[in-house]
Amino acid sequence: GTQYVTATAHAGPSGVAGIECHADDIPGSWYQERTAVVPVSGVGEHKVQCQAQSNAVDMNGQRAMSAPATFSVKIGQPTVTALAFTNLVDGLRCRRSVERITVPARWVRVRRNGHWVRVRRAAHAKRVRVRRCQVRTRRERVTIWVTRQHNGRRVRIKEHKLVRVVLRPHTVSSGRKFIRHGHAATVSGWLGTTDGVALGGQTVDVLSAPDDGRGSYTLVAVVRTGANGGWSARLAPGPSRSTTAVYAGGPTTEGSYAAPVNMVVPAKVALLRITPRQVAWGGTVRLTGQLEGGYLPPGGALVRLRIGLGKSFTTYGVHEHVAGSGRFTTAYTFGVGDPSVRRSYWFQIASLPMGDYPYAPASSRRIAVLVGGHPRAGRRTSRP
């Protein structure tokens, strides 16, 4: 719409006689006040120039003029920047198999005794690997109306019937997606005006910030929109993070930014080794683990320590202040037991949720330890 630029003049004791202003190449207008309001309209860059005049005159009767003052203003079309994850839903179900096919007889050219001759090859069987795909289906219960004979009259009654419905592949957009640790992700977006006109050939900056509560966005990709205003960007592997897209605007358009989308990435927790793997009752084992992927908070991360027997398990402690390279060691001492009983316990470590640790909780593999025997079994005793 129309914008207004206000110009204010100042003068000495003689006062201001008026202001002359003009916008772009339009002839100037005279304002007999110390303040002038200049209307500016039209999409694009505009320049307003004003010059003030005082009531003081020189010996030739000329009024004193101020130096010109210039102000630039841009009127841009409002824009919309959209950003989302695109997922394929109800995709085709495919499988690979080996099938036997028959190759029909055909004529081929072969070289014999230095000459090309036509030879008829007989039909033969051949095994090939093929990939068959089919659409997904689902059984649904529907209501239908049927006509039946009742007491000599035809009546319409309602019945229920199970039918198989074809699920066609389609894409859906969402603002949150779970990404496996160490895997890349693809985001897509759209840029256009508020009235739905696509803006092609424009530059969009993609920014991302780790989900550690700091909101430190950095530039991760620069993309260019297509003719339909669409664009996509592939994001490198990383932690859980928030991603947004920013359009700086153009000569006739205003800038805009997209609502952030979130990627949830689980932590990679590794239980590297346990020594020893076989210990007597009352013995101690040493566990070595590591949190991979970096982004450890300054105060360190928290790791849950688990011990289990069969399907049951319990948390026997929390290892604190895991920092640096993410590697840590801890120990566990078994209680006293019957030397004749042997049991296989398993150990596991898991990360705990923290506001400044940008990874979702995850668990490591399990490593078993065989426990049994007397603590002093196997030790040699010296004779006096």
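Hydrogens, waters and symmetry mates play no part in the numbers below; they use all other heavy atoms, side chains included. This one's a predicted model, so the numbers in the text were calculated from it and none came from an experiment.
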Tell me every residue that passes ring pair (Phe, Tyr, Trp, His ring centres under 6.0 Å) with F328, counting only those two or more places apart in sequence or in another chain. H319

Pairwise side-chain contact, Y247 with T79, heavy-atom cut-off 4.5 Å (strictly under): yes

Could you walk me through whether T284 and V279 pass side chain to side chain contact (heavy atoms under 4.5 Å, CB included), step by step? CA-CA 7 Å; T284 300; V279 66; over 6 Å; no

So, does R131 use its side chain to make a donor-acceptor pair with the main chain of C94 at under 3.5 Å? no

If you link ILVMFWY side chains whenever their heavy atoms are less than 4.5 Å apart, which other residues fall into the same cluster as Y31? By chain and number, please. V5, V38, V40, V48, F71, V73, I75

Distance in Å, S325 OG paired with Q290 CD, rounded so as to fall on 0.5 Å steps: 5.5 Å

Main-chain N/O of G226 paired with W231 side-chain donor or acceptor, under 3.5 Å: no

Pairs satisfying salt bridge (charged side-chain N to carboxylate O under 4.0 Å, His left out), at least one member in residues 114-130, at least two apart: none

Could you tell me which non-hydrogen atom of P297 sits nearest to which non-hydrogen atom of M354, and how far apart they are? CG-CE, 4.2 Å

Are any non-hydrogen side-chain atoms of I307 and T314 less than 4.5 angstrom apart? yes

According to a hydrophobic-cluster definition based on side-chain heavy atoms being under 4.5 Å apart (Ile, Leu, Val, Met, Phe, Trp, Tyr only), do F334 and I274 belong together? yes

Under 3.5 Å: donor-acceptor pair, side chain of Q77, backbone of T253: no

If Ile, Leu, Val, Met, Phe, Trp and Tyr residues are connected whenever their side-chain heavy atoms lie under 4.5 Å apart, and connections chain through other members, are L287 and L309 in the same group? yes

Atom pair CG/CZ of L352 and R304 - distance to nearest 0.5 Å: 4.5 Å

Please identify each residue that fulfils ring pair (Phe, Tyr, Trp, His ring centres under 6.0 Å) with Y357, with sequence neighbours left out. Y359

Which pairs pass salt bridge (charged side-chain N to carboxylate O under 4.0 Å, His left out) with one or both residues in residues 222-248, sequence neighbours excluded? none

Sequence-distant partners of Y257, ring pair (Phe, Tyr, Trp, His ring centres under 6.0 Å), two or more places apart: none

How many angstroms lie between atom CG of D211 and atom OG of S242, to the nearest 0.5 angstrom? 7.5 Å

Mind checking whether L235 and V187 have side chains closer than 4.5 Å, heavy atoms only? yes

Answer whether the closest heavy-atom distance between the side chains of T193 and P78 falls below 4.5 Å. no

Non-hydrogen side-chain atoms of V155 and T147 separated by less than 4.5 Å: no

Ignoring hydrogens, what is the shortest heavy-atom contact between A362 and A267? Give both atom names and the distance. CB-O, 3.1 Å

Side chain to side chain contact (heavy atoms under 4.5 Å, CB included) for V369 and Y332? Distances and angles first, verdict last. CA-CA 11 Å; V369 174; Y332 180 81; over 6 Å; no

Pairs in or reaching into residues 279-295: which pass salt bridge (charged side-chain N to carboxylate O under 4.0 Å, His left out), with residues at least two apart or in two chains? K268-E292

Quick one: does T243's side chain have a donor or acceptor within less than 3.5 Å of a partner on S208's backbone? no

Residues which pass side-chain hydrogen bond (donor to acceptor under 3.5 Å, both in side chains) with Q348, listed by chain and number, not counting sequence neighbours: R306

Between D205 and V222 (side chain of the first, backbone of the second, donor and acceptor by atom type, cut-off under 3.5 Å), is there such a pair? no

Centroid separation Y345 to F347 less than 6.0 Å: no

Roughly how far, to the nearest 0.5 Å, is the CG atom of N262 from the CD1 atom of I179? 11.5 Å

Provide the closest heavy-atom pair for A323 versus G300 in the form atom of the first, atom of the second, distance. CB-CA, 4.1 Å

Without swapping roles, check the side chain of T288 against the backbone of T329 for a donor-acceptor pair under 3.5 Å. no

Residue pair V220 / L207, side-chain heavy-atom distance below 4.5 Å: no

Do you reckon L370 sits in the same ILVMFWY cluster as I367, going by side-chain contacts under 4.5 Å, direct or chained? no

Please walk me through it: do T225 and Q202 pass side chain to side chain contact (heavy atoms under 4.5 Å, CB included)? CA-CA 5 Å; T225 60; Q202 304 298 312; 3.7 Å; yes

Compare every heavy atom of V37 with every heavy atom of P39, then report the nearest pair and how far apart it is. CD-O, 3.6 Å

Heavy-atom closest pair (A245 atom, V204 atom, distance to 0.1 Å) is CB-CG1, 3.8 Å

Any I19 side-chain heavy atom under 4.5 Å of Q53 side chain: no

List, by chain and number, the other hydrophobic cluster members for I26, where Ile, Leu, Val, Met, Phe, Trp and Tyr join if side-chain heavy atoms come within less than 4.5 Å, directly or indirectly. none

P361 to P266 - nearest heavy-atom pair and separation: O-CB, 4.5 Å

When clusters are formed by joining ILVMFWY residues with side-chain heavy atoms under 4.5 Å apart, either directly or through shared neighbours, do L305 and L302 land in the same one? yes

Cluster membership besides V110, Ile/Leu/Val/Met/Phe/Trp/Tyr side chains within less than 4.5 angstrom, sorted by chain and number, is V108, V117, V119

Are the side chain of S66 and the backbone of A52 linked by a donor-acceptor contact shorter than 3.5 Å? yes

Salt-bridge test for K47 and E45: reply yes if a basic N is under 4.0 Å from a carboxylate O, no otherwise. no

Between atom CD1 of I349 and atom CG of L291, what is the distance when rounded to the nearest 0.5 Å? 6.5 Å

To the nearest 0.5 Å, what is the distance between OG1 on T8 and CZ on R34? 6.5 Å

Does the side-chain hydrogen bond (donor to acceptor under 3.5 Å, both in side chains) test come out yes or no for T2 and S41, once each step is laid out? CA-CA 4 Å; T2 302; S41 61; 4.7 Å; no

H115: what forms a side-chain hydrogen bond (donor to acceptor under 3.5 Å, both in side chains) with it, not counting sequence neighbours? none

I would like to know whether S232 and S188 meet side-chain hydrogen bond (donor to acceptor under 3.5 Å, both in side chains); could you show each step before the answer? CA-CA 4 Å; S232 64; S188 57; over 6 Å; no

side-chain hydrogen bond (donor to acceptor under 3.5 Å, both in side chains) partners of R148, counting only residues at least two apart: E159

Below 4.5 Å, heavy atoms only, C-beta onward: do W281 and V371 meet side chain to side chain? yes

Can V43 be reached from L191 by stepping across I, L, V, M, F, W or Y side chains whose heavy atoms are under 4.5 Å apart? no

Take S97 and V130 through the test side chain to side chain contact (heavy atoms under 4.5 Å, CB included) and record every step on the way to the result. CA-CA 6 Å; S97 61; V130 296; 3.7 Å; yes

Passes salt bridge (charged side-chain N to carboxylate O under 4.0 Å, His left out), R164 versus E140? Steps please. CA-CA 6 Å; R164 189 166 293 277; E140 291 186 358; over 6 Å; no

